[in-house]
Amino acid sequence: QVQLVESGGGLVQAGGSLSLSCAASGSIFSIDAMGWYRRAPGKQRELVAGITTGGSTNYSDSVKGRFTVSRDNAKNTVYLQMNSLKPEDTAVYYCHAAVRLGGNIGRLYLYWGQGTQVTVSS
């Protein structure tokens, strides 16, 4: 089917930067929305940033002005550049993609990456 493979993440000091990437592969006809969620310990999963095929973006208020989401449609890849990181950004980050499969383009399927840990030390 479809796999989303994330890379990036790790440990950084507060004020630092990290970048994440997520590449989708498999029986893909096209990808609509892509983006990133995160889940911090003891908290619910929250949307971080999303981006449409046309490049329209949306961000959670907590990351606006600090994070930038982008995508390369030719590579089926979404990116998240995270600047001015804060300890409260510590979480597991998951990418997602709404995919139309080659055998059923009339339906959208939602896929998730395996998650990557981002830890920001104070």
Side-chain angles (χ1 to χ4, degrees):
Q1 291 275 344
V2 174
Q3 286 188 321
L4 271 60
V5 178
E6 301 170 3
S7 60
L11 174 65
V12 66
Q13 288 189 330
S17 298
L18 283 174
S19 61
L20 306 179
S21 63
C22 172
S25 63
S27 303
I28 298 170
F29 176 79
S30 65
I31 301 178
D32 287 18
M34 301 185 81
W36 297 88
Y37 280 75
R38 68 186 180 187
R39 176 172 284 163
K43 296 186 177 180
Q44 291 188 333
R45 184 179 63 187
E46 64 169 343
L47 173 68
V48 176
I51 184 168
T52 67
T53 306
S56 297
T57 58
N58 64 291
Y59 298 91
S60 70
D61 289 341
S62 62
V63 307
K64 278 181 182 177
R66 300 188 298 121
F67 290 12
T68 302
V69 63
S70 60
R71 64 189 284 176
D72 184 332
N73 292 329
K75 296 181 178 179
N76 290 332
T77 299
V78 62
Y79 306 94
L80 185 68
Q81 178 64 41
M82 304 181 290
N83 298 328
S84 302
L85 282 160
K86 304 175 181 180
E88 51 263 44
D89 293 319
T90 296
V92 178
Y93 285 69
Y94 300 88
C95 67
H96 71 92
V99 179
R100 297 185 190 275
L101 299 178
N104 187 7
I105 64 173
R107 178 176 174 179
L108 277 174
Y109 294 83
L110 188 61
Y111 291 93
W112 294 88
Q114 78 280 5
T116 186
Q117 178 71 45
V118 171
T119 303
V120 185
S121 63
S122 56

Please round to the nearest 0.5 Å and tell me the distance separating atom [atom1] of [X] and atom [atom2] of [Y].
| X | Y | atom1 | atom2 | result |
| --- | --- | --- | --- | --- |
| Q3 | S27 | CD | OG | 10.5 Å |
| M34 | C22 | CE | SG | 5.5 Å |
| L4 | T77 | CG | OG1 | 9.0 Å |
| R39 | Q44 | CZ | CD | 8.0 Å |

*Who pairs with E46 by salt bridge (Lys or Arg N to Asp or Glu O under 4.0 Å), at least two apart in sequence or on another chain?*
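R38.
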- Task: Would you mind telling me which of V63, L80, I51 makes a side chain to side chain contact (heavy atoms under 4.5 Å, CB included) with W36?
- Result: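 Going through the options one by one, the only one that passes is L80.
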Are [Y] and [X] connected in a single hydrophobic cluster, I mean Ile/Leu/Val/Met/Phe/Trp/Tyr linked by side-chain heavy atoms less than 4.5 Å apart?
| X | Y | value |
| --- | --- | --- |
| Y79 | Y37 | no |
| V120 | V92 | no |
| V2 | L108 | no |
| L110 | L47 | yes |

>> Within the 3.5 Å criterion, strictly below it, is a donor on N83 or S17 matched to an acceptor on the partner's side chain?
In response: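 S17 and N83 do have a side-chain donor-acceptor pair below 3.5 Å.
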Closest non-hydrogen atom pair, [X] against [Y]:
| X | Y | value |
| --- | --- | --- |
| V78 | C95 | CG1-CB, 4.4 Å |
| V118 | M82 | CG2-CE, 3.9 Å |
| R71 | I31 | NH2-O, 3.2 Å |
| L20 | G9 | CD2-N, 3.1 Å |
| Q81 | S19 | OE1-CB, 3.3 Å |
| V5 | Q114 | CA-OE1, 4.0 Å |

**Item:** Trace of the salt bridge (charged side-chain N to carboxylate O under 4.0 Å, His left out) decision for K86 with D89
**Value:** CA-CA 5 Å; K86 304 175 181 180; D89 293 319; over 6 Å; no
Self-check item: More than 12 heavy atoms from other groups under 6.0 Å of OH on Y109
Solution: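 Count over threshold, so yes.
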Kindly say whether [Y] contributes a backbone atom to a donor-acceptor pair with the side chain of [X] at under 3.5 angstrom?
| X | Y | answer |
| --- | --- | --- |
| E6 | G115 | yes |
| S122 | P87 | no |
| T90 | A40 | no |
| R66 | S84 | yes |

**Prompt:** Tell me, do V99 and F29 make a side-chain contact under 4.5 Å, heavy atoms counted?
**Reply:**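 Side chain of V99 against side chain of F29, heavy atoms only: no contact under 4.5 Å found.
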- prompt: Mind checking whether W112 and Y94 have parallel, tilted or perpendicular rings, split at 30° and 60°?
  reply: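 Perpendicular, since the angle between the ring planes exceeds 60°.
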